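Report on the structure given below.
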Amino acid sequence: MKTFSNPLELKRELKKHIGKIGFVPTMGALHKGHLSLIEASKKENDFTVVSIFVNPTQFNDPNDYNNYPNTHSEDLFHLSALKVDYLFTPTKDSIYNDNYSYQLIENNFSKKLCGAAREGHFEGVLTIVMKLLNIVNPTKAYFGEKDYQQYQLIKGMVESFHMDVEIVPMPTKREKDGLAMSSRNLLLTESERNIAPKFAELIKTDLDDEKLKDELENSGFKIDYIETIENRRFGAVHLGNVRLIDNVEK
Ligand code: AMP
C-alpha cells in the first residue's frame with residue numbers, strides 16, 4: 001500500500017494507471033462497516049483508494065471533533081490486510097488550500113434531519129467529498145446507508161454537477177445486538193453501550209414517531225430527531241456525550 005498526503009502527488013500517481021478506480025472516503029477508526037465498503041471496491045475495481053481525514057468543517061461541536069476516535073495503527077493493519085492500493089491522508093492545509101473559502105451548499109434536504117441539528121454539517125461534507133472526488137477521480141465511490149441522508153446528498157451532488165462517478169450505496173453493518181457500527185461507539189461507557197442497542201431495536205418497530213420518542217426517552221436517550229420521510233425512518237439520539245444515528249426502511 002502506498003500512502004500519499006499531498007493531493008497533487010496522489011493525482012499525478014493515479015493518472016499513470018489505466019483501469020477502474022474504486023474510492024472509499026473515511027474518517028478512520030475503521031470498523032467492519034468501513035471494511036465492507038473497501039471489500040466491495042476491491043471486488044469491483046482494478047485499484048482501490050481509501051482516504052482517512054477527520055474533516056474539521058463538518059463538525060459543529062469542537063468537543064466532538066477533538067474527541068473523535070483515532071486508531072491509526074489498527075487502521076493501517078486492516079488496510080494492508082485488505083490489500084488496499086493507496087491510502088490518502090491529506091493534511092488540513094493541503095486539502096483546504098483555499099482556507100474553506102469555497103463551499104458547496106445544497107439548499108433543501110441538507111437543511112433537514114442532521115442538517116437542522118448540526119449547522120453547517122452538510123456544507124462541510126459536500127465540500128470535502130467534492131474535493132476528494134476531484135483528486136481521486138474514481139470510477140465508483142462507496143458510501144454507507146448508515147449515513148443515508150449523506151449518501152442521498154452526495155448522489156444528488158454528483159447528478160447536479162454532471163460528475164463522472166458512480167455513487168454506490170452499501171448496507172448498514174450492525175453489531176450482533178443490532179447497534180449500527182460507528183467509530184463513535186468506541187466513546188460509549190460500558191453502561192451506555194448496554195443501552196445503545198435499544199435504539200436500533202425501537203427504531204424498526206411499528207410505533208409511530210411520537211410514541212417512539214417517548215419509548216426512547218424512557219430508555220435513557222435524549223432525542224435529537226425522529227422523522228419518517230417517504231418510506232424511511234431517520235433518527236438521531238444522544239447517550240451521554242455520544243450522538244448516535246440510524247435509519248431503517250419502513
Ligand atoms: P465515516 O468514517 O464515519 O465518515 O464513514 C465512512 C464511510 O463508511 C461512510 O460512507 C459511512 O456511511 C460508512 N459507514 C460508517 N458506518 C457504517 C456501517 N455501520 N455500515 C456501513 N457503512 C458504514
Side-chain angles (χ1 to χ4, degrees), residues 22-44 48-61 64-65 67-72 74-76 78-79 82 84 87-90 92 95 110 113-115 118 121-133 136 138 140-158 165-188 193 196-197 199-200 203-204 232 234-236 242-249:
F23 178 43
V24 182
T26 81
M27 300 207 294
L30 301 181
H31 51 66
K32 285 184 186 148
H34 298 114
L35 303 186
S36 71
L37 274 57
I38 297 170
E39 279 161 5
S41 172
K42 287 288 296 179
K43 254 189 224 143
E44 297 172 9
T48 289
V49 181
V50 174
S51 64
I52 296 182
F53 179 61
V54 183
N55 175 33
T57 66
Q58 72 189 67
F59 287 81
N60 57 321
D61 173 359
D64 187 25
Y65 176 63
N67 295 324
Y68 198 80
N70 178 329
T71 57
H72 199 65
E74 288 95 325
D75 292 356
L76 292 179
H78 290 304
L79 296 174
L82 286 178
V84 164
L87 171 62
F88 182 40
T89 54
K92 193 173 126 212
I95 199 128
S110 75
L113 306 173
C114 279
R118 302 180 69 191
H121 172 64
F122 284 117
E123 284 78 3
V125 169
L126 294 176
T127 305
I128 193 70
V129 172
M130 176 63 96
K131 285 172 182 273
L132 291 169
L133 291 175
V136 176
K140 296 186 180 193
Y142 297 79
F143 292 88
E145 290 183 345
K146 198 215 113 209
D147 302 281
Y148 202 85
Q149 186 183 14
Q150 168 175 283
Y151 152 67
Q152 282 181 304
L153 285 164
I154 289 167
K155 193 170 179 312
M157 174 182 86
V158 161
V165 53
E166 183 185 338
I167 300 300
V168 184
M170 295 293 297
T172 303
K173 284 272 176 200
R174 295 179 181 278
E175 302 290 353
K176 283 201 185 83
D177 57 20
L179 177 65
M181 289 182 180
S182 165
S183 306
R184 287 189 179 85
N185 293 349
L186 292 171
L187 302 172
L188 294 166
R193 179 63 189 81
F199 179 35
I203 198 172
K204 64 179 188 204
R232 190 166 288 272
F234 296 83
V242 183
R243 186 170 180 274
L244 303 173
I245 62 169
D246 205 342
N247 69 89
V248 288
E249 213 173 348

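Note that the coordinates shown come from a computational prediction; the quantities given were computed from them, not determined experimentally. Atoms within each ligand, like the ligands themselves, are counted from 1 in listed order.
- Under the 4.5 Å side-chain criterion, counting only non-hydrogen atoms from C-beta, Glu44 is not in contact with Glu166.
- Looking at Gly28 next to ligand 1, no N or O pair under 3.5 Å apart turns up.
- When every heavy atom of Ala29 is checked against every heavy atom of Asp75, the shortest pair comes out as N-OD2, 3.0 Å.
- Listed by atom number, the atoms of ligand 1 under 4.0 Å from Met181 heavy atoms are 16 (N), 17 (C), 18 (C), 19 (N).
- In terms of protein heavy-atom proximity, atom 5 (O) of ligand 1 is closest to His34 NE2, 3.4 Å.
- When hydrogens are left out, the protein atom nearest atom 12 (O) of ligand 1 is Asp147 OD2, 2.6 Å; that is the closest non-hydrogen contact.
- Looking at Lys146 against ligand 1, only its side chain comes within 4.0 Å, counting heavy atoms.
- The protein heavy-atom contact nearest to atom 4 (O) of ligand 1 is Met27 CG, 3.6 Å.
- Nearest heavy atoms, Phe122 versus Ser110: CD1-O, 3.5 Å.
- Annotation for Lys173: atom NZ does not count as buried by contact number, only 12 or fewer foreign heavy atoms lying within 6.0 Å.
- Looking only at distances, a side-chain donor or acceptor of Asn247 sits under 3.5 Å from a matching main-chain atom of Glu145.
- Ranked by closest heavy atom to atom 13 (C) of ligand 1, the top entry among Ala141, Gly144, Ser36 is Gly144.
- Residue Ala29 does not touch ligand 1, judged by heavy-atom distances below 4.0 Å.
- Contact of the Leu30 side chain with the Thr71 side chain is not registered, since no non-hydrogen atoms from C-beta on lie closer than 4.5 Å.
- Close contacts of ligand 1 with Thr26, meaning ligand atoms under 4.0 Å from a residue heavy atom, involve 2 (O), 6 (C).
- Looking at Ser182 and Lys146, their side chains come closer than 4.5 Å, going by heavy atoms from C-beta outward.
- At a heavy-atom cutoff of 4.0 Å, ligand 1 is contacted by the side chain of His31 but not by its backbone.
- If you check which protein heavy atom lies closest to atom 20 (N) of ligand 1, you get Lys173 N, 2.9 Å.
- Side chains of His78 and His34 form no contact here, defined as non-hydrogen atoms less than 4.5 Å apart.
- For Val24, no heavy-atom contact with ligand 1 is shorter than 4.0 Å.
- Scanning the protein for heavy atoms near atom 7 (C) of ligand 1, the closest one is Pro25 O, 3.7 Å.
- For atom 21 (C) of ligand 1, the nearest protein heavy atom (residue, atom name, distance) is Pro171 O, 3.5 Å.
- Listed by number with element, the atoms of ligand 1 under 4.0 angstrom from any heavy atom of Leu37 are 7 (C), 8 (O), 10 (O), 13 (C), 22 (N).
- By the criterion of a heavy-atom distance under 4.0 Å, neither the backbone nor the side chain of Ser183 is placed next to ligand 1.
- Here the side chains of Thr127 and Asn55 are not in contact, with every heavy-atom distance at 4.5 Å or above.
- A salt bridge does not link Lys204 with Asp246: none of the charged nitrogens is closer than 4.0 Å to a carboxylate oxygen.
- Counting the atoms of ligand 1 from 1 in the order shown, those under 4.0 Å from a heavy atom of Phe143 are 10 (O).
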(request) Given ring-ring contact (aromatic ring centres under 6.0 Å, His included), test Tyr65 with Tyr68 step by step and report yes or no. (result) CA-CA 5 Å; Tyr65 176 63; Tyr68 198 80; 8.4 Å; no
